[in-house]
Amino acid sequence: MIRLGEIQDLTVVKRVDFGVYLADEETDVREKVLLPIRQVPEGTKTGDRLRVFIYRDSRDRMIATANQPGITLGQVGLLRVSQVGKIGAFLDWGLEKELLLPFREQTRRVKEGEECLAALYIDKSDRLCATMKLYPYLKKDGSFQKDDRVQGRVYEISSNFGAFVAVEDTYSGLIPMKEMYGQVAVGDMVTARITAVKEDGKLDLSIREKAYLQIGKDAEKIMEVIQSYDGVLPFNDKASPETIRRELQMSKNEFKRAVGNLLKAGRITIAEKCIRLN
């Protein structure tokens, strides 16, 4: 069987002026695909086995190529956006015909010239397309452990779950909503700490340090914000979690720990409705 979107070893069953026809001898030699003449290695003869990738040409015909694509079916890879059209973006994946990334498969609008992480799939019309919705395509068999430091690319953000991250552009990770502090956007590269390795291999991540390491950074951030308010922060450690998250991008517990650190160091005074620099 000739499989769209995959690299296969196929047999030369017929030579013509414009190329050779290839078939899978183990299944059905009646099903053939053309390898254009410019792609045929010199000296190729009937019966030879050639390794090729199967895709569709500009006329939507199945065709073979000896060139290696940037990604194959089900794989994830970083591809450059060559142009943006009316139905989506087109990605350079190393073949003559560029790969369509439909608007509906974009987790953010991409721009010409930038790179995006994408997977290859077959759409309902039996055509190869790209998607930025990578969750089904990322691996879950990495040799990671809790507290490992990793790098990854944010590929999708959910208001319910958090930020989905492709760890090392390959493995499935998630920054849960409770760990979402600061500005995190699709396409961002993040350095994170693994907080849990789930039974199915998926990774929970945090972009913050452990509490005893993070407290110093949080304290300095609070000092900067107080200074931006001319030395008087218009709320104290009794403020709502929403106010604290909005102003400081940290949880209420983290805020209280850092404020306690600053108070102990004599750097601030906590008043009834505010915090003042000393």
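Basis for what follows: all heavy atoms, side chains included, without hydrogens, waters or symmetry-related copies. The chain is numbered in sequence order, starting from 1. Since we're looking at a predicted model, the values are computed, not measured.
- At distances below 3.5 Å, at least one donor-acceptor pair connects side-chain atoms of Thr131 with backbone N or O atoms of Lys133.
- Put simply, the side chain of Gln106 gets close to the backbone of Leu101: a donor and an acceptor are under 3.5 Å apart.
- Electrostatic pairing of Arg153 and Glu115 does not count as a salt bridge here, judged by no charged N lying under 4.0 Å from a carboxylate O.
- Using modelled atom types, no side-chain atom of Ser125 and backbone atom of Asp123 make a donor-acceptor pair closer than 3.5 Å.
- A salt bridge is absent between Asp9 and Arg49; no separation between the charged side-chain nitrogens and carboxylate oxygens falls under 4.0 Å.
- In the hydrophobic cluster analysis, where Ile, Leu, Val, Met, Phe, Trp and Tyr join through side-chain heavy atoms closer than 4.5 angstrom, Leu10 is grouped together with Leu35.
- For the pair Cys116/Glu114, no side-chain contact is recorded, criterion being any heavy-atom separation below 4.5 Å from C-beta on.
- Taking CG from Asp204 and NZ from Lys146, the interatomic distance works out to 10.5 Å, rounded to the nearest 0.5 Å.
- The closest side-chain donor-acceptor pair between Tyr135 and Lys202 falls under 3.5 angstrom.
- Within the 3.5 Å criterion, the main-chain N or O of Ala66 finds a donor-acceptor partner in the side chain of Gln39.
- A salt bridge is absent between Lys97 and Asp57; no separation between the charged side-chain nitrogens and carboxylate oxygens falls under 4.0 Å.
- You'll find the side chain of Leu138 reaches within 4.5 Å of the side chain of Tyr155, heavy atoms only.
- A salt bridge does not link Glu98 with Arg80: none of the charged nitrogens is closer than 4.0 Å to a carboxylate oxygen.
- Ionic pairing of Asp218 and Lys221 is not present here: no N-O contact between side-chain nitrogen and carboxylate oxygen is shorter than 4.0 angstrom.
- Using modelled atom types, one finds a donor on one side chain and an acceptor on the other under 3.5 Å when comparing Thr269 with Asn278.
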